[in-house]
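Counting convention: from 1, in listed order, for ligands and their atoms alike. The structure displayed is predicted, hence computed values, not measured ones.
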Amino acid sequence: MTREQTEIQNRTGVAPMRPGSGIYDVLLVGAGLANSMIALALLRARPDLLIALVDREAQIGGNHTWSFHSSDVSAAGLELLRPMLEAQWPSQEVRFPRLKRVLDTGYNSMTSSRLHATIMQSTGIDVFLSAGVSRVESDSIELESGSRLSGRCVIDGRGATKTNALALGYQKFVGLELELHEPHGMSRPVIMDATVSQHDGYRFVYTLPFSPTRVLVEDTYYSDGSQLNSELLAERALQYANSKGWRIAKTVRQEQGVLPIALAGDIQAFWAEGEQQAARSGMRACLFHPTTGYSLPDAVALAQRIAAADTFETRRIDQIVRRHSTKCWQQRSFFRLLNRMLFLAAQGEQRRDILERFYSLPAPLIERFYAARITAGDKARILLGRPPLPIPRAIRQLSESQAMETAHRREQGRSHG
Ligand SMILES: Cc1cc2nc3c(=O)[nH]c(=O)nc-3n(C[C@H](O)[C@H](O)[C@H](O)COP(=O)(O)OP(=O)(O)OC[C@H]3O[C@@H](n4cnc5c(N)ncnc54)[C@H](O)[C@@H]3O)c2cc1C
């Protein structure tokens, strides 16, 4: 170990992957999806920078499978993701009571274990794991061990924080990665099987066939409440696998999530909340798809934007991220309107009917929807025709500010009993 490495190890209690200068150019707090993508994008675009990635867990990226449609990211974004891809499929499928459809849109999955391996193999990033961060400032961080690391640009990507500025619904799920005794026979992902019995809002099962005998089965809900009964959902995922006649050799891995679905909010209030010294990234910067809660495409886009910055200094990057997040929020108001119809106006099984109708629309529109790049024509197409809800009335009743009140009242009702 060099003298510099020993010095860092003595200061932090953690051995860095390569010698550091003491002051990092970019200090990334939280080695989750968003900050890992920033580290990798910087490594490509600015190999001259000294980068550190710090996480409280022993593994980069936690325990995740992140998936995305091929049309969600740019060609350069896909190149950045390529080393972490576990599987790629040329098509995907949805199943509803009256509609079964194969879409020729590619689907891809990356895993946290590949993300971990990719970053650990790259020589340009100092990685500090099992290093909980207790304080984040604009030019330094304090670890729970009491040590400090300094950085000219500090980016806080420690995941979502509690906020009063957004009214939310939830996409929640438990996924089981199963090894089967015999091949399952699936050739493509089924991203929504909504032919299953409906509970707790809109229910569907999401299935990814990773190999002929390996499959990820996620029991998923679009629900009003954030409570997750993981045992019940895991049981339902197993029941689904059994209903397909699959004999399970073992459960390899379990993952679960409660993702935010944006119904309404105030982005200025979001950014004004709490004491914030560092720049932010990922969910912490409100960068997620309003209707799915997915954040991978936004994480890649933000990483590319940051890697192209002129100056790496906390204030400058904070300015870039805030502007980008605010613009995304403003451009995505139509998604929040649809979410309000789905969560606040639709009754009973109408949620499933809305999704079923959506999936009968042209494939390029569906692709633009998931990529959050819909056009004025797409919006008209989504609202016109014979939707399952009386749309004009729903729109009149569900302005953004009314929806904030309704959602907060519902939230209070839940917490009081
Ligand atoms: C199980 C699951 C599956 C998902 N699947 C998809 C998907 O398929 N596609 C998609 O686009 N989105 C998906 N999402 C949604 C979203 O993309 C993820 O939540 C994503 O990981 C969010 O990225 P992030 O970087 O903002 O936060 P995270 O990836 O959660 O990263 C935050 C990191 O900060 C660390 N941290 C927190 N506090 C501290 C601290 N005090 N000190 C040090 N480190 C700290 C955490 O350990 C973590 O590694 C999924 C979410 C979950 C939970």
Hey, does N35 come in under 3.5 Å of ligand 1, counting only N/O atoms on both sides?
-> no

N or O pair under 3.5 Å between M283 and ligand 1 | yes

In this structure, CD of Q319 is separated from CD of E313 (nearest 0.5 Å) by 9.0 Å

Heavy-atom closest pair, residues R336 and W329 = NH1-O, 2.8 Å

In the protein, what heavy atom is nearest to atom 21 (O) of ligand 1, and what distance, to one decimal place, separates them?
-> W66 NE1, 3.2 Å

For S140 and V154, which heavy atoms make the closest approach, and how far apart are they?
-> N-CG2, 3.8 Å

Indicate yes or no: does an N/O atom of E255 lie under 3.5 Å from an N/O atom of ligand 1?
-> no

E144, any N or O under 3.5 Å of ligand 1 N or O = no

What protein heavy atom sits nearest atom 11 (O) of ligand 1, and how far off is it?
-> L296 N, 2.9 Å

So which heavy atom in the protein is nearest atom 47 (O) of ligand 1, and how far is it from that ligand atom?
-> D55 OD1, 2.8 Å

Should R305 and D298 count as an ion pair when the cut-off is N to O under 4.0 Å?
-> no

Heavy-atom contacts under 4.0 Å between F68 and ligand 1: side chain, backbone, both, or neither?
-> neither

Tell me which protein heavy atom sits closest to atom 43 (C) of ligand 1, plus the residue, atom name and distance to 0.1 Å.
-> R56 N, 3.2 Å

Show me, pair by pair, the donor-acceptor contacts under 3.5 angstrom made by side chains of residues 26-40, not counting sequence neighbours?
residue: N35; atom: OD1; partner: S281; partner atom: OG; Å: 2.8
residue: N35; atom: ND2; partner: V29; partner atom: O; Å: 2.9
residue: N35; atom: ND2; partner: G30; partner atom: O; Å: 3.0
residue: N35; atom: ND2; partner: I155; partner atom: O; Å: 3.4
residue: S36; atom: OG; partner: G32; partner atom: O; Å: 2.6

List every atom of ligand 1 that sits less than 4.0 Å from any heavy atom of A34, numbering the atoms from 1 in the order shown and giving each element.
-> 25 (O)

Is L33 close to ligand 1, meaning an N/O of one under 3.5 Å from an N/O of the other?
-> yes

Polar-atom distance check: T65 versus ligand 1, any N or O pair below 3.5 Å?
-> yes

R82 atom CZ: more than 12 heavy-atom contacts under 6.0 Å | yes

For L178 and V252, which heavy atoms make the closest approach, and how far apart are they?
-> C-CG2, 4.4 Å

Does the distance from a Lys or Arg side-chain N to an Asp or Glu carboxylate O, for R152 and D25, drop under 4.0 Å?
-> yes

Distance to 0.1 Å, residue and atom name: give those for the protein heavy atom nearest to atom 51 (C) of ligand 1.
-> L259 CD2, 3.5 Å

What is the closest protein heavy atom to atom 41 (N) of ligand 1, and at what distance does it sit?
-> V133 O, 3.1 Å

State, with a plain yes or no, whether a side-chain heavy atom of F334 is found less than 4.5 Å away from one of D378.
-> no

Hey, could you give me the CD1/OG distance between I60 and S112, rounded to the nearest 0.5 Å?
-> 10.5 Å

Could you tell me whether E142 and R135 make a salt bridge, using a distance below 4.0 angstrom between a side-chain N and a carboxylate O?
-> no

Sub-4.0 Å atoms of ligand 1 with respect to non-hydrogen atoms of G282 = 26 (O)

Heavy-atom contacts with G293 under 4.0 Å: which atoms of ligand 1 show up? List them by number with element.
-> 15 (C)

Which of the ligand 1 atoms, numbered from 1, are nearer than 4.0 Å to a heavy atom of E57 = 47 (O)

Is the shortest distance from a heavy atom of F288 to ligand 1 less than 4.0 Å?
-> no

Between D156 and the options Q277, R280, R284, the side-chain hydrogen bond (donor to acceptor under 3.5 Å, both in side chains) test singles out R284

Looking only at distances, please establish whether an N/O atom of ligand 1 is found under 3.5 Å from an N/O atom of Q256.
-> no

If you measure every N/O of V54 against every N/O of ligand 1, is any gap under 3.5 Å?
-> no

May I ask you to identify the nearest protein heavy atom to atom 3 (C) of ligand 1, giving residue, atom name and distance to one decimal place in Å?
-> F173 CZ, 3.5 Å

Name the closest protein heavy atom to atom 30 (O) of ligand 1, giving the residue it belongs to and the distance to 0.1 Å.
-> G159 CA, 4.4 Å

Note: R357-D353 ion pair, threshold 4.0 Å (strictly below) = no

Look at atom 28 (P) of ligand 1 and find which of G32, S295, S134 reaches it with the closest heavy atom.
-> G32

Would you say ligand 1 has an N or O under 3.5 Å from any N or O of G132?
-> no

Counting each atom of ligand 1 from 1 as listed, which ones have a heavy atom of G157 under 4.0 Å away?
-> 31 (O), 32 (C), 33 (C), 34 (O)

Please check if atom CZ in R315 has more than 12 non-hydrogen atoms from other residues, nucleotides or ligands closer than 6.0 Å.
-> no

Closest heavy-atom pair, Q254 versus N63, reported as atoms and distance to 0.1 Å, is O-ND2, 2.8 Å

Report yes if G257 has an N/O atom closer than 3.5 Å to an N/O atom of ligand 1; otherwise report no.
-> no

